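All of these numbers come straight from a predicted model, not from anything done at the bench. Throughout, a chain's letter reflects where its sequence line sits, starting with A, and its residues are numbered from 1.
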Amino acid sequence: AQSVTQLGSHVSVSEGALVLLRCNYSSSVPPYLFWYVQYPNQGLQLLLKYTSAATLVKGINGFEAEFKKSETSFHLTKPSAHMRDAAEYFCAVSDDRGSTLGRLYFGRGTQLTVWP
Amino acid sequence: EAQVTQNPRYLITVTGKKLTVTCSQNMNHEYMSWYRQDPGLGLRQIYYSMNVEVTDKGDVPEGYKVSRKEKRNFPLILESPSPNQTSLYFCASRSSGGGRTDTQYFGPGTRLTVL
């Protein structure tokens, strides 16, 4: 079965600092991985997804994530944080079983706070 | 505009009073799903539907019902709500053409409080 673990339920950075949000996955088959962002009082929005085409995936708003099979990781990064990046971030993995193909399993989320 | 809509956005009710949260998508997606979001637990799937008249349980289906009579609509029904169903609910949809790689689109959420 697929699962993801997000290390750190809260991350705080100063504006302009590097953002690093951690996600490790567990999967018996090559995983398909997603990062979603949830701004206050809104639904989830796709930031980026890994579908095996390239290990470094670029997403919206300057975010990117690197798939590392040896470390079973898919960490999300952004070189320079903005105040508008303050949100909750979710990592998810897509199921591979026939009856539930494509179902997403989410991590518990990481709340990003950006200080001025 | 492609979107998933949910109504109502906010709802306060009392224990035992039946309620329905509606969900509608305009993208002709086959797959639809309901999640609940609770602090520290992330999103947990309640029910999903692979297509019209095809529904199945997710991880936390107890106390909920769904139906899929039309492709665009996937209502969530709480026959007898209880306080432990106080939560933030999201509806989502995606196409089935790409299998595991298709993006799931989320509604804006319904915040439910059961007193």
Side-chain angles (χ1 to χ4, degrees), chain A residues 1-10 21 23 25 27-54 57 59-60 67 87-111, chain B residues 1-10 21 23-25 27 29-51 54-61 88-111:
Chain A
Q2 282 70 31
S3 67
V4 293
T5 302
Q6 291 183 241
L7 300 175
S9 58
H10 291 84
L21 305 181
C23 174
Y25 69 88
S27 176
S28 56
V29 297
Y32 291 151
L33 296 156
F34 302 75
W35 274 101
Y36 281 84
V37 59
Q38 183 183 24
Y39 298 106
N41 299 314
Q42 295 187 27
L44 278 72
Q45 177 183 359
L46 181 71
L47 269 180
L48 50 81
K49 62 181 177 181
Y50 168 74
T51 59
S52 75
V57 182
I60 61 172
F67 174 74
E88 189 156 22
Y89 293 79
F90 292 94
C91 183
V93 63
S94 178
D95 201 349
D96 71 314
R97 292 171 294 177
S99 62
T100 55
L101 188 71
R103 173 186 167 176
L104 292 180
Y105 292 91
F106 286 88
R108 297 192 172 194
T110 298
Q111 182 69 46
Chain B
E1 178 190 357
Q3 60 182 351
V4 179
T5 57
Q6 295 178 229
N7 282 293
R9 292 289 313 278
Y10 302 90
V21 183
C23 173
S24 182
Q25 49 94 5
M27 295 170 277
H29 286 164
E30 295 84 8
Y31 182 97
M32 296 186 74
S33 181
W34 276 103
Y35 297 88
R36 61 178 287 173
Q37 182 183 10
D38 301 291
L41 297 179
L43 277 80
R44 295 178 293 168
Q45 191 180 57
I46 303 170
Y47 269 95
Y48 66 96
S49 170
M50 300 293 280
N51 214 323
V54 180
T55 63
D56 207 347
K57 297 176 180 178
D59 295 322
V60 288
L88 180 58
Y89 292 86
F90 288 102
C91 180
S93 75
R94 64 170 173 80
S95 73
S96 297
R100 296 174 65 200
T101 64
D102 283 327
T103 298
Q104 201 156 149
Y105 295 88
F106 285 80
T110 295
R111 186 166 293 281

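Proximity to chain B (any heavy atom under 4.5 Å) is restricted, for A:Gln38, to the side chain, taken from C-beta onward. With a threshold of 4.5 angstrom between heavy atoms, A:Leu44 approaches chain B through its backbone and through its side chain. At a 4.5 Å heavy-atom cutoff, the contact between A:Glu88 and chain B is made by side-chain atoms alone. At a 4.5 Å heavy-atom cutoff, B:Asp38 makes no contact with chain A through either its backbone or its side chain.
Applying the ring-ring contact (aromatic ring centres under 6.0 Å, His included) test to A:Phe67 and every residue at least two apart in sequence or in another chain returns A:Tyr25, A:Tyr50.
Once rounded to the nearest 0.5 Å, the distance linking CG of A:Leu7 with OG1 of A:Thr110 reads 8.0 Å. To the nearest 0.5 Å, atoms CZ (B:Arg36) and CG (B:Leu88) are separated by 10.0 Å.
Taking B:Gln6, B:Arg9, B:Gln37 one by one and counting their heavy-atom pairs under 4.5 Å with chain A, the maximum is reached by B:Gln37.
Ring geometry for A:Phe106 versus A:Phe90: interplanar angle over 60°, hence perpendicular rather than tilted (30 to 60°).
The closest side-chain donor-acceptor pair between A:Tyr32 and A:Gln2, if any, does not fall under 3.5 angstrom.
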